[in-house]
Amino acid sequence: MTEEKGLNFIEEIIEEDLKNGKYRQIITRFPPEPNGYLHIGHASSICLNFGLTQKYGGYTNLRFDDTNPVTEETEFVESIKEDVRWLGFEWKNELYASDYFDTLYQYAITLINKGLAYVDDSSSEEIAALKGTPTEPGKNSPYRGRSVHENLDLFERMRNGEFKDGSKTLRAKIDMAHSNMLMRDPVLYRIKHAHHHRTGNKWCIYPMYDLAHGQSDSIEKVTHSICTLEFVPHRELYDWLIEKLEIYPSRQYEFARRNLTYTITSKRKLMQLVNENHVQGWDDPRMTTISGMRRRGFTPESIRDFCDRIGVAKRENMVDMSLLEFCVREHLNKIAIRRMAVLDPVKLVITNYPKDQTEEVWSENNPEAENNGGTRPVMFSGELWIEREDFMEVPVKKWFRLAPGAIVRLKSAYIIKCENYIKDKEGNITEIQCSYIPESRSGNDTSGIHAKGTIHWVSTAHAAKAEVRLYDRLFTVENPTGEEGDFTRYINPNSLQIIKEAYIENSLKEAKEGNKYQFIRKGYFTPDKDSTPEHPVFNRTVTLKDTWVKESRK
RNA sequence: UGGCCUAUAGUAUAAUGGUAGUACAACAGAUUUUGGUUCUGUCUGUCUUGGUUCGAAUCCAGGUAGGCCAACCA
């Protein structure tokens, strides 16, 4: 049975192109500017571009659009490569727009020779003043009428470094009254006496996006150049330049960038969060950068699945964060090893358990795993740590956990009954005293008693200490950039909660970066890069779904 | 007083002139030694007004709403 899944509009275009023989294979590219770290929005573009060539045959290049030396750095190049690989994609060629600077320079000369470009001495303010507005036509620059010979001479001298930054530009000669603002003699080259991360000081003039991107696509014979909606107005210029230069006709297609609730997907704004220390770096686990999500414990599979589910379209959108959480829970449920960890401990003493006795109980590693996951031994004793929130002095209705006189199952061990509890002067509960039912041991329970609730625990004598970092959404509102004022006003002050002394199963000390765990009843966790065997640190990737919080609010 | 893009449940996305479907979310229930997982069920939708057609979410026209465009950024 073939499941007919609807095609997105780009797949439709490609299938049509393939069917009518326009192309034998398709070539796409992922074209980041190395001026920041990749985020969840880029993941969509990566999955799209690489996914398309995997599906239809062909290949995808990784091309860095590095035409602005003042913002670009090698650090970003390296992080981008790491992130794309981590997401599970391998590019055919690693390319750089800066590799084409000689060719692009020649393209500019071709345009000058055709009378389609000129050197303008106007300042950026003067250019802006003559540009007009969306509703009013612009006016020609006084330098627009220069001869080809003069333009050639001036452009060469720009290249030779005779002029200061900003004193001259090369502009296309199109139409200052055009309804598309981008066609009003767009700037093609500008002077920047700046060090480039790859070409060093070879150049002091650099091409603008419009003369670099489409031409790079063309040089690489990219068939489908896929970008986001804000480039729609550029398409007319993209096509104009290819036509006038008479080069390989790559075609541009635009889809809507993906927005996610309670976060931002803007490199500029993410950089602001880093620079203003609202977060602790690009890979802060609260960031929806690829590196932040990796550190937090997301899997590439879950991110790819997410991108797949949200699809591709042309309308404005705001995807629910709960879908991303669903995707990561679904994957982690299958692969994460279950362990017990007590995050907010309170002592529980089993009064009728033989003093100084210990025993091993066996607990499942992951019954949901493909190969069943097996079991592990866990040390049990008469003195345990349990979760403070699992005891209620005055239970609410439908409370299945511990309360005076209530019974509960200790996961993989015995059923216990709460007999007493001790408070300190401030009224904090310091110890809960229970009796246990020896015949109720997990695996050979002959007690005939059914406990409605099951809670997790660790033995005080056998547990290890760990630091646990709990993350919540970074913003308090769904669309922080859509609200009044600067988006940083809406940062969630409680997005990070650090627990210095949680208790974990001893074996968890050996957990390695990249390992995935489910702390039973608490969520999915992964060791942070700061973690050591002496001082284990865990990040909470995502909580478990919690229907009790909803029930308890009723 | 311009040009371009878009409009299907709360969210995202299918249906390509022929029964408006799927996922997430929400809600109800079953199972459960995780109030997890799994399973079952329920709720909610074609922006609007005309037109073409036997038949329109789909094609056409006019509205309306939202987005983008006036960086020597990409």
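Per chain, numbering begins at 1; letters A, B, ... match sequence-line order.
If you check every strand for non-hydrogen atoms under 4.0 Å, V549(A) touches nothing. Contact annotation for T547(A): backbone-only contact, meaning every heavy-atom pair under 4.0 Å involves sugar-phosphate atoms and none involves a base. Across all strands shown, D445(A) has no heavy atoms under 4.0 Å from either base or sugar-phosphate atoms. No contact: K267(A) has no heavy atom under 4.0 Å from any strand. F231(A) comes within 4.0 angstrom of a nucleotide base, judged by non-hydrogen atoms across all strands. Counting non-hydrogen atoms under 4.0 angstrom, I310(A) reaches the backbone sugars and phosphates but no base. Across all strands shown, Y209(A) has heavy atoms under 4.0 Å from base atoms, whether or not it also approaches the sugar-phosphate. Residue contacts shown for T67(A) are limited to sugar-phosphate atoms, with no base heavy atom under 4.0 Å away. Residue E316(A) is in sugar-phosphate contact alone, with no base atom involved, counting any heavy-atom pair closer than 4.0 Å across all strands shown. T169(A) comes within 4.0 angstrom of a base, heavy atoms only. Residue S412(A) is classed as a base contact, given a heavy-atom separation below 4.0 Å to a base. Within the nucleic acid shown, R171(A) has no heavy atom closer than 4.0 Å to any nucleic acid atom. No contact: H178(A) has no heavy atom under 4.0 Å from any strand. Contacts of S122(A) with the nucleic acid, taken as non-hydrogen atoms under 4.0 Å apart, include base atoms.
For G36(B), its base never sits under 3.5 Å from the side chain of Q518(A) at any donor and acceptor pair. For U6(B), the base has no donor-acceptor partner in the side chain of R315(A) [N/O atoms by modelled type, under 3.5 angstrom].
Rounded to an integer number of Å, the gap from CG of L410(A) to C1' of U33(B) is 11 Å. Y253(A) places its OH atom 19 Å from the C1' atom of U6(B), with the value rounded to the nearest Å. Atom CD of E368(A) is separated from atom C1' of U32(B) by 10 Å (rounded to the nearest Å). Rounding to whole angstrom units, NZ of residue K314(A) and P of U13(B) are separated by 13 Å. What separates CG of L323(A) from P of U22(B) is a distance of 17 Å, to the nearest Å. As rounded to whole Å, 8 Å separates atom P of A12(B) from atom CE of M318(A). What separates CG of N317(A) from P of A25(B) is a distance of 18 Å, to the nearest Å. Atom CD of E387(A) and atom P of G35(B) are 12 Å apart (whole Å).
OP1 or OP2 of C73(B) lies within a sub-4.0 Å distance of a side-chain N or O belonging to R190(A). Side-chain N/O atoms of K192(A) include one lying less than 4.0 angstrom from OP1 or OP2 on C73(B). Side-chain nitrogen and oxygen atoms of K131(A) include none within less than 4.0 Å of the OP1 or OP2 phosphate oxygen of C69(B). Between G67(B) and R257(A), no contact under 4.0 Å exists linking OP1 or OP2 to a side-chain N or O. Contact annotation: R521(A) reaches the phosphate of G35(B) (side-chain N/O to OP1 or OP2, under 4.0 Å). Side-chain N/O atoms of R235(A) include none lying less than 4.0 angstrom from OP1 or OP2 on C68(B).
Among the nucleotides G35(B), A74(B), C69(B), the one closest to the side chain of E33(A) is A74(B). Checked against C69(B), G35(B), C73(B), the side chain of N68(A) finds its nearest nucleotide in C73(B).
Salt-bridge annotation for E359(A) and R441(A): present, with a side-chain N of the basic residue lying under 4.0 Å from a carboxylate O of the acidic one. Ion pair R63(A)/E220(A) flagged as a salt bridge, since at least one NZ, NE, NH1 or NH2 atom sits closer than 4.0 Å to an Asp/Glu carboxylate oxygen. Looking at D308(A) and R304(A), no side-chain N of the basic residue comes within less than 4.0 Å of a carboxylate O on the acidic one, giving no salt bridge.
Between L324(A) and F400(A), the residue whose closest nucleotide on RNA chain B is further toward the 5' end is L324(A). When each of R329(A) and E364(A) is assigned the nucleotide of RNA chain B with its nearest heavy atom, R329(A) is the one assigned upstream, toward the 5' end.
For A56(B) and A20(B), the P atoms lie 11 Å apart once the distance is rounded to whole Å. When the C1' atom is used for both A15(B) and G51(B), the distance is 24 Å, rounded to whole Å. One P atom belongs to U46(B), the other to A12(B), and the distance between them is 16 Å to the nearest Å. Taking the P atom of each, C72(B) and A14(B) are spaced 36 Å apart, rounded to whole Å. To the nearest whole angstrom, the two P atoms, one in G18(B) and one in U58(B), are 11 Å apart. For A30(B) and U37(B), the C1' atoms lie 14 Å apart once the distance is rounded to whole Å. Here, G41(B) and A7(B) have their P atoms 32 Å apart, quoted to the whole Å. Nucleotides G55(B) and G50(B) have their P atoms positioned 16 Å apart, rounded to a whole Å.
Under a 3.5 Å cut-off, the side chain of H42(A) and the backbone N or O of H39(A) do form a donor-acceptor pair. Using a distance-only test at 3.5 Å, with no hydrogens or angles considered, a donor-acceptor pair links the side chain of S250(A) to the main chain of V222(A).
Shown here for I264(A) and T288(A), the closest heavy-atom pair between the two residues is O-OG1, 3.6 Å.
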Exercise for review: Please step through side chain to side chain contact (heavy atoms under 4.5 Å, CB included) for the pair L237(A) and M183(A), ending with a clear verdict.
Suggested key: CA-CA 6 Å; L237(A) 180 54; M183(A) 298 297 275; 3.9 Å; yes
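For the pair K192(A) and Y206(A), the NZ or CZ position fails the cation-pi test of under 6.0 Å to the six-membered ring centre and within 45 degrees of the ring normal. Judged by the 6.0 Å distance and 45° axis criteria, R339(A) is not positioned over the aromatic ring of Y517(A).
Look at U52(B): it lacks any Watson-Crick or wobble partner with both distances under 3.5 angstrom. As the counterpart of U22(B), A12(B) is assigned, both hydrogen-bonding distances of the Watson-Crick or G-U wobble pattern falling under 3.5 Å. Across every strand in view, C47(B) sits in a pair with G63(B) that passes the Watson-Crick or G-U test at under 3.5 angstrom. Nucleotide A71(B) has no partner under the Watson-Crick or G-U criteria, as no pair reaches both atom distances under 3.5 Å.
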